[in-house]
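The structure displayed is predicted, hence computed values, not measured ones. What you see below is based on every heavy atom in this structure, not just the backbone, and it leaves out hydrogens, waters and symmetry mates. Indexing begins at 1, ligand by ligand and atom by atom, following the structure's order.
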Amino acid sequence: MHITDYSEYQTDYQKSLEEPDLFWAEIAEHFHWRKKWNKVLEWDFEKPDIKWFLGAKLNITENCIDRHLESNAEKPALIWEPNDSSEKHKIYSYKDLHSEVCRFANVLKKLGVEKGDRVCIYMPMIPELAFALLACARIGAVHSVVFAGFSANSLSDRINDAAAKLVICSDAMCRGAKQLAVKNTVDEAIKNCTSVEKVLVVNRLDWPIQLKPNFDYLYDIESKGISDHCPATEMDAEDMLFILYTSGSTGKPKGVVHTTAGYMVYAAYSFKNVFQYDNNDIHFCTADIGWITGHSYILYGPLLNGASTVMFEGVPNYPDASRFWQIIEKHSITHFYTAPTAIRSLMQSGSDYVIPYAMHSLKVLGTVGEPINEEAWHWYHTYVGKERCQIVDTWFQTETGGILISALAGISPLCPAHAGQPLPGIQPVLLDNNGNEIVENEIEGYLCIKFPWPSILRTTYGDHERCRQTYFSSYKGYYFTGDGAKRDKNGLYRIIGRVDDVINVSGHRFGTAEIENAVNQNKNVIESAVVGYPHDLKGQGIYVYVICKELPTGEEQNWLRSSIIQTVSEEIGPIAKPDKIQFVSALPKTRSGKIMRRILRKVAEGDSTNLGDITTLLDPLVVEEIINGAVL
Ligand code: PRX
């Protein structure tokens, strides 16, 4: 399961092409199974219908926790660092984690949660968030984590889509200098959710909360005197493990479904090999558990390998821009994994915050979520890695479950701003406009994958046809990623970005239609069009063209802008706030009514040359108005 040098990588890669069943079966041997599989893989990308380790029985938490107890019970499993550096951190050994997860699982059972029930988890980055996910997995409930920065409306949509029976939340949360309500947001969200039978509240900040009898339950009370032993429920390899919502090109986010055995095998395998995790290493991934990176590389991947994983409640620039570096020194962290946005923002704060921190323990640095520009890569390498750490630029998606394209730290050739080569078992291809595979190097195309890997999504919850259409219908026989990529002369991949109507803001995905729907909820708005544009810190910023009843002027424009931003915060969450809003009298549409986004994108990028043929527009004059009014 562990690749130790480049020639081994090449051999394993070749083997994964020639004998995929054997290749994955050998890796799967490293886990604890209640019953082994009858068959490794069955697949059909047209339906799609993908099954791994058919007939096998297991519980992922026995692999994450129980099997480490014999030899590593006292080893730190979870190291929790609070928002406020003056508050004490917490360390949970594997034994502690076992007790906490079992207690949490017993509380869930007491509240009536059963195998197959969906549980929505809406919490800040506190240890109970990790316990809650693992507790669901322990009893076979399906967790659906919603990032705590999403609004009540977004939460409500996700609860309804999954028909969640229980919501787990906290009273409140802290983020930097701010304290924010959580339970109140849940109360607001569930007004429209008939599936929710109970809400379980974990205390974080001692906020007074109103408890509805027989509906709201406090974790502190429910867990009093409860046993810290809970037998793990036996799961089928293809039983659902979790749902995670992600945005696509339509207005409605979709629930990506991952199942038990395949996700487990790939999360563990990719963690071990990409980061070259060694027994006493301490891994710090700064993502939130509300995203796939947090699921796979804070929680499941590290725990499956018996690693020590760090969970940080706060933000990179509170109390100042040295917070990450303090944490690295405090806990002797060996692996640090973050997003290019965070690197760019810390770089902008100035190198003086990082220079005093020698961070001798660091060995490997990682990035994820968006393309990293060379300037940020070099800053990361020089100031954080002190020119001695390996950097891995890891490409993956909510749908892929784990990292598919990345260097293996210290093993693969390093190339700034390139994700690099596929992991063994991953067969990426670049397709041209006609859907043909391009075999040469030094080219660019649509990134597809032509063979399944264990943690590929199985469906989109409640709507299999949507899964088929989104990922498996654009190019027959391939999984389409929605990304464009280049392959250089050495066969290394460089991800360019989305080629669909999805924008990537600070590593978070939003559909343009999703933001338009939110903007259109503002009562002053008649129509809107959203595009992404290059943004120095966020990677992409959100640019909105808005048509109001009357074209606003002067002060009125400022007032309307604030009002629209407020609406988007309420509809989706503050993370989707527009960066620029331009008021227009019309949008460039073809005679058939289709918005020509190409023109809007160019103007938002500040480039009004080469707009292409605009004669097919219903009203070509509108283009001039848009160029003249561009917010630059
Ligand atoms: O466009 C790619 C970008 O993020 C998208 C996946 O977003 P999400 O499902 O939210 O998962 C983010 C964390 C894995 C991809 O389609 N992306 C992800 N990693 C990279 C990246 N773009 C460039 N380089 C990466 N390393």
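Within 6.0 Å of the CD atom in Glu375, the count of heavy atoms belonging to other residues, nucleotides or ligands does not exceed 12. Counting non-hydrogen atoms of other residues, nucleotides and ligands closer than 6.0 Å to CZ of Arg175 gives a total of 12 or fewer.
Close approach of ligand 1 to Pro371 (heavy-atom distance below 4.0 Å) involves ligand atoms 22 (N), 23 (C), 24 (N). Counting atoms of ligand 1 from 1 in the listed order, those under 4.0 Å from a heavy atom of Phe396 are 6 (C), 14 (C), 15 (C), 18 (C), 19 (N). Counting the atoms of ligand 1 from 1 in the order shown, those under 4.0 Å from a heavy atom of Asn504 are 3 (C), 4 (O). Counting atoms of ligand 1 from 1 in the listed order, those under 4.0 Å from a heavy atom of Thr293 are 13 (C), 14 (C). Listed by number with element, the atoms of ligand 1 under 4.0 Å from a non-hydrogen atom of Asp393 are 24 (N), 25 (C), 26 (N). Ligand 1 places these atoms under 4.0 Å from at least one heavy atom of Val368: 13 (C), 14 (C).
Looking at Asp488 and Lys486, no side-chain N of the basic residue comes within less than 4.0 Å of a carboxylate O on the acidic one, giving no salt bridge. Ion pairing between a basic and an acidic side chain is recognised when a charged N comes within 4.0 Å of a carboxylate O; Glu514 and Arg509 show no such pairing. The residues Lys602 and Glu605 are annotated as not salt-bridged, no charged nitrogen and carboxylate oxygen being separated by less than 4.0 angstrom.
Contacts with ligand 1 closer than 4.0 Å are made by heavy atoms of both the backbone and the side chain of Gln397.
At the shortest separation from atom 9 (O) of ligand 1 among protein heavy atoms lies Thr398 OG1, 2.6 Å. Nearest to atom 2 (C) of ligand 1 among the protein's heavy atoms is Asp483 OD2, 3.0 Å. Among protein heavy atoms, atom 7 (O) of ligand 1 sits closest to Arg509 CD, 3.0 Å.
Residues Val354 and Met359 have side chains in contact (heavy-atom distance under 4.5 Å, counting atoms from C-beta outward).
Aromatic ring orientation, Phe150 versus Phe147: perpendicular (interplanar angle above 60°, classes split at 30° and 60°).
Taking the six-membered ring for Trp, Phe242 and His295 have ring centres closer than 6.0 Å.
On a distance-only criterion, Gly369 and ligand 1 share at least one N/O pair closer than 3.5 Å.
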